[in-house]
Trainee: 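First, the structure itself, so that you have it in front of you.
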Amino acid sequence: MIRGEDMKQVYPAFILNTNDGSEHPFLVCVPDLEIFTEGDTFADAIEMARDAIGLAGISMEDHNEGLPVPSDQSSAVEKVKQDTEVIDFSNGILTYVDVDFSEYRKKVDT
């Protein structure tokens with residue numbers, strides 16, 4: 001677990017384009033934090049992931065919980081493959097999303 005001094009982190013995220021014409025066709029999974037979100041475009045999906053990671057991180061901090069250590073590529077793939085019953089995010093693009101939790105808290109607390 002990560003505590004206070006390492007407030008900048010980079011988490012693996014899988015982005016899957018459903019290509020189904022829906023309003024939010026880019027589905028996102030951040031396996032280390034069990035986060036699922038979506039976006040209108042690839043860039044929007046990354047921003048939504050960053051926002052969701054930031055919210056989860058400051059919530060964990062508020063509850064005196066440490067953040068999980070970001071997975072390496074192979075561990076992230078293993079984690080995302082554990083739950084493929086509804087959507088197989090391992091077919092998506094693996095990218096990394098950076099978050100500065102200190103800056104995110106300042107943004108949210110104002």
Side-chain angles (χ1 to χ4, degrees):
M1 294 290 181
I2 298 168
R3 298 265 178 204
E5 64 278 352
D6 296 319
M7 295 314 293
K8 289 183 182 180
Q9 292 299 323
V10 179
Y11 283 96
F14 292 83
I15 300 177
L16 179 67
N17 184 350
T18 62
N19 292 309
D20 64 2
S22 66
E23 185 179 356
H24 309 291
F26 292 87
L27 305 180
V28 182
C29 174
V30 183
D32 289 332
L33 295 161
E34 299 177 2
I35 289 172
F36 299 92
T37 188
E38 59 193 8
D40 300 337
T41 64
F42 193 83
D44 185 48
I46 290 173
E47 283 300 313
M48 296 299 290
R50 184 174 289 115
D51 191 46
I53 294 167
L55 285 172
I58 63 174
S59 176
M60 294 173 85
E61 185 180 64
D62 290 346
H63 291 98
N64 294 318
E65 300 171 15
L67 293 165
V69 174
S71 294
D72 61 25
Q73 182 176 348
S74 61
S75 296
V77 171
E78 282 180 36
K79 285 180 182 181
V80 83
K81 284 187 173 188
Q82 290 176 2
D83 186 19
T84 59
E85 290 178 24
V86 178
I87 298 172
D88 186 356
F89 281 96
S90 67
N91 291 325
I93 295 171
L94 170 61
T95 188
Y96 292 85
V97 179
D98 64 320
V99 178
D100 183 330
F101 292 102
S102 297
E103 288 300 314
Y104 192 82
R105 179 171 293 284
K106 288 177 192 175
K107 175 182 161 185
V108 171
D109 285 349
T110 57

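For clarity, every value in this text was computed on a predicted model and none was experimentally measured.
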Trainee: State, to 0.1 Å, how close Tyr96 and Asp72 come at their nearest heavy-atom pair, and which atoms those are.
Mentor: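 Minimum heavy-atom separation between Tyr96 and Asp72: OH-C, 4.5 Å.
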Trainee: Any idea which heavy atoms bring Ile15 and Phe26 closest together, and the distance?
Mentor: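 Closest approach of Ile15 to Phe26, heavy atoms only: CG2-CD2, 4.0 Å.
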Trainee: Is it true that Val80 and Leu94 fall in one hydrophobic cluster, defined by side-chain heavy atoms closer than 4.5 Å?
Mentor: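 Linked within one cluster.
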Trainee: Where is the tightest heavy-atom contact between Asp32 and Pro68, given as atom of each residue plus distance?
Mentor: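 In this case the closest contact between Asp32 and Pro68 is O-CG, 3.4 Å.
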Trainee: What's the separation between atom CD1 in Ile53 and atom CZ in Phe101, rounded to the nearest 0.5 Å?
Mentor: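 That separation rounds to 6.5 Å.
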Trainee: Output the distance between atom OG1 (Thr95) and atom CZ (Phe14), rounded to the nearest 0.5 Å.
Mentor: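 The distance works out to 10.5 Å.
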Trainee: To the nearest 0.5 Å, how far apart are CG in Asn17 and CG in Asn91?
Mentor: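 So the CG of Asn17 and the CG of Asn91 are separated by 12.5 Å.
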Trainee: Which heavy atom in Met60 sits nearest to a heavy atom in Gly66, and how many Å separate them?
Mentor: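 Here Met60 and Gly66 meet closest at CE-O, 3.3 Å.
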Trainee: What do the steps show when you test Tyr11 against Val99 for side chain to side chain contact (heavy atoms under 4.5 Å, CB included), and what is the final call?
Mentor: CA-CA 8 Å; Tyr11 283 96; Val99 178; 5.6 Å; no
Trainee: Test Ile35 against every option in Val97, Val28, Val30 by the side chain to side chain contact (heavy atoms under 4.5 Å, CB included) rule and name the one that passes.
Mentor: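 It is Val30; the other options fail the test.
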Trainee: Output, in order, the C-alpha distance, side-chain angles, deciding distance and verdict of side chain to side chain contact (heavy atoms under 4.5 Å, CB included) for Arg50 and Ile46.
Mentor: CA-CA 6 Å; Arg50 184 174 289 115; Ile46 290 173; 4.1 Å; yes
Trainee: At their closest point, which heavy atom of Gly39 faces which heavy atom of Met48, and how far apart are they?
Mentor: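 Nearest heavy atoms, Gly39 then Met48: CA-CG, 4.5 Å.
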Trainee: Charged N to carboxylate O below 4.0 Å: is that the case for Arg105 and Asp62?
Mentor: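 Asp62 and Arg105: salt-bridged.
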Trainee: Mind listing the closest non-hydrogen atom pair of Ser71 and Ala76 along with its distance?
Mentor: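 Closest approach of Ser71 to Ala76: CB-N, 3.7 Å.
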Trainee: Going from CD on Glu61 to CG on Leu67, what distance comes out if it is rounded to the nearest 0.5 angstrom?
Mentor: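 Result: 7.5 Å between the selected atoms.
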Trainee: Is the backbone N or O of Pro25 less than 3.5 Å from a side-chain atom of Thr18, with the two atoms forming a donor-acceptor pair by type?
Mentor: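 Judged by distance alone, yes, a pair lies under 3.5 Å.
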Trainee: Using a strict threshold of under 4.0 Å (side-chain N to carboxylate O), is an ion pair present between Glu103 and Lys106?
Mentor: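 Here Lys106 pairs with Glu103 in a salt bridge, since their nearest N and O are under 4.0 Å apart.
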Trainee: Please report the C-alpha distance between Glu38 and Leu27 in whole Å, then the side-chain angles of each, then the deciding distance to 0.1 Å, and finally whether the side chain to side chain contact (heavy atoms under 4.5 Å, CB included) criterion is met.
Mentor: CA-CA 4 Å; Glu38 59 193 8; Leu27 305 180; 3.9 Å; yes
Trainee: Please state whether the rings of Phe36 and Phe89 are parallel, tilted or perpendicular, taking 30° and 60° as the class boundaries.
Mentor: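 Ring orientation, 0 to 90° scale: tilted.
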